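Order of the sequence lines fixes the chain letters, A, B, ..., with proteins taken first and strands second; residue numbering starts at 1 for each chain. Everything numeric here is computed off the predicted structure, so don't read it as measured data.
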Amino acid sequence: MKIATWNVNSLNVRIEHVLEWIAYAKPDILALQEIKQPDEMFPLDAFKEIGYHAISSGQKTYNGVAVITKEQPKNIITDFSGFDDLQRRILITEINNVRIMNLYIPNGQNVESDKYTYKLAWLNALIAHIEREQDKYKDIIILGDFNIAPEDRDVYDAEKWGEDVLCSPKEREALEKIIALGFCDVFRKFDQEEKQFSWWDYRAASFRRNAGVRIDLILASESLKEKCEISYIDREPRTWERPSDHTPVIAEFNI
DNA sequence: ATGGTCGGGGACCGA
């Protein structure tokens with residue numbers, strides 16, 4: 001089972017990129033973030049035509065998540081209970097007996113911002129929700145745009161970035177709490193080349209200079225960790241014309 | 001500095 005995550009920064013603009021990527025990568029499950037369109041605009045037929053099911057939790061202009069999947073998705077959730085949120089950032093579903101949690105974790109803007117407070121509250125609600133999922137499911141994959149760089153080696157210039165948002169201690173602690181619940185950042189299960197990132201700023205020739213960060217993650221429950229055979233970042237779509245600022249991250253499981 | 005959205009100019013958002 002090949003699983004991928006990709007923040008597409010508007011599905012309306014990026015639909016041809018997504019279809020082209022699916023055509024060559026042939027994922028079983030593709031989790032999208034920042035589709036930036038309401039559900040009534042979602043291009044369901046485009047995915048149906050290439051043999052995929054698709055579900056979305058969208059909104060106008062901002063946020064929005066979708067899951068494109070070969071197999072029928074079941075038991076869909078779009079909110080954490082007890083955490084009211086108008087922003088559409090969550091799409092949790094069951095596919096092939098695996099619980100798939102597609103997340104677009106808030107960016108936070110900067111550590112003084114109200115948006116950072118919201119990010120930390122959101123992460124607390126996420127942690128509580130994961131524990132509830134663990135009561136029901138053994139095999140869980142949490143993937144998406146985490147807007148957290150797990151370690152300094154996940155940042156092109158960690159010294160310069162310091163403890164700004166994406167690298168602040170509180171958000172990294174939240175990620176560590178999730179890992180401590182029994183999850184593995186599968187990209188780091190394998191030997192990887194240095195300086196592999198999943199996002200590069202559109203500005204200042206950041207992609208050409210590889211001035212990026214690794215903030216798009218795939219976490220697997222302990223039960224699935226040993227079944228993960230490879231994980232990698234596909235930089236190619238970032239080279240295409242009018243690309244998303246993020247590129248797909250992939251993990252393949254022997255299930 | 002770049003890109004997307006809404007709207008019809010420029011503000012907001014992203015990370």
Do nucleotides 5-12 of chain B as a string where each nucleotide becomes B, S or -: B if the base has a protein heavy atom under 4.0 Å, S if just the sugar-phosphate does, - if no protein is that close.
SS------
Carefully, step by step, assess A:Phe47 and A:Phe42 under the rule ring-ring contact (aromatic ring centres under 6.0 Å, His included).
CA-CA 10 Å; A:Phe47 295 114; A:Phe42 186 76; 5.7 Å; yes
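A:Ser168 and A:Tyr116 form a side-chain donor-acceptor contact under 3.5 Å, judged by distance and modelled atom types alone. Counted by atom type alone, A:Arg89 and A:Asn63 present one or more donor-acceptor pairs between their side chains at under 3.5 Å. A:Arg132 and A:Ser81 share a donor-acceptor pair across their side chains, judged by distance under 3.5 Å alone. In this structure, a donor-acceptor pair under 3.5 Å is present between the side chains of A:Asp234 and A:Trp21. Checked by atom type, the side-chain pair A:Lys119/A:Asn107 shows no donor-acceptor distance below 3.5 Å.
In this structure, A:Ile178 and A:Phe183 approach most closely via the heavy-atom pair O-CD1, 3.4 Å.
One finds a side-chain N or O of A:Tyr104 lying less than 4.0 angstrom from the OP1 or OP2 phosphate oxygen of B:dA15. In terms of phosphate contacts, A:His246 brings no side-chain nitrogen or oxygen within less than 4.0 Å of OP1 or OP2 of B:dG14. Note on A:Arg14: every side-chain N or O is 4.0 Å or more away from OP1 and OP2 of B:dG3.
Residue-level contact check: A:Asn7 touches the backbone only, with heavy atoms under 4.0 Å from sugar-phosphate atoms and none from bases. Within the 4.0 angstrom heavy-atom criterion, only backbone atoms of the sugar-phosphate kind lie near A:Asp145; the bases stay farther away. Residue contacts for A:Gln109: at a heavy-atom cut-off of 4.0 Å it reaches a base atom on one of the strands shown. Using a 4.0 Å heavy-atom criterion, one finds that A:Asp201 contacts no nucleic acid atom at all.
Computed from coordinates, the A:Glu241 CD to B:dT2 P distance equals 16 Å when rounded to whole Å. For the pair A:Arg89 CZ and B:dC13 P, the computed distance is 11 Å after rounding to whole Å. Summarising the geometry, the separation between CG on A:Asn110 and C1' on B:dC13 is reported as 13 Å, rounded to the nearest angstrom. Computed from coordinates, the A:Asp216 CG to B:dA15 P distance equals 9 Å when rounded to whole Å. Going from atom CH2 of A:Trp199 over to atom P of B:dG3 covers 13 Å, rounded to whole Å. Remark: C1' of B:dG4 and CD1 of A:Ile15 are 16 Å apart, rounded to the nearest angstrom. At whole-Å resolution of the value, OH in A:Tyr116 and P in B:dA15 are 16 Å apart. Rounded to an integer number of Å, the gap from A:Tyr202 OH to B:dT2 P is 13 Å.
If you take atom C1' in B:dA1 and the same atom in B:dG7, they sit 24 Å apart, rounded to whole Å. B:dG14 and B:dG9 have their P atoms separated by 26 Å, with the value rounded to a whole Å. For the C1' atom pair drawn from B:dT2 and B:dG10, the interatomic distance equals 16 Å after rounding to whole Å.
A perpendicular orientation is assigned to the rings of A:Trp200 and A:Phe197, their planes being inclined by more than 60° (bins at 30° and 60°).
Salt bridge annotation for A:Asp185-A:Arg214: present, with a cationic side-chain nitrogen under 4.0 angstrom from a carboxylate oxygen.
For A:Gly108 and A:Ala204, each mapped to the nucleotide of DNA chain B holding its nearest heavy atom, the one lying further toward the 5' end belongs to A:Ala204.
Looking at DNA chain B, the stems built from 3 or more consecutive Watson-Crick or G-U wobble pairs, each pair with its key distances under 3.5 Å, are B:3-6 with B:10-13.
Checked against A:Leu32 for a side-chain contact (heavy atoms from CB on, under 4.5 Å), the options A:Ile68, A:Asp145, A:Leu91 give a single hit: A:Ile68.
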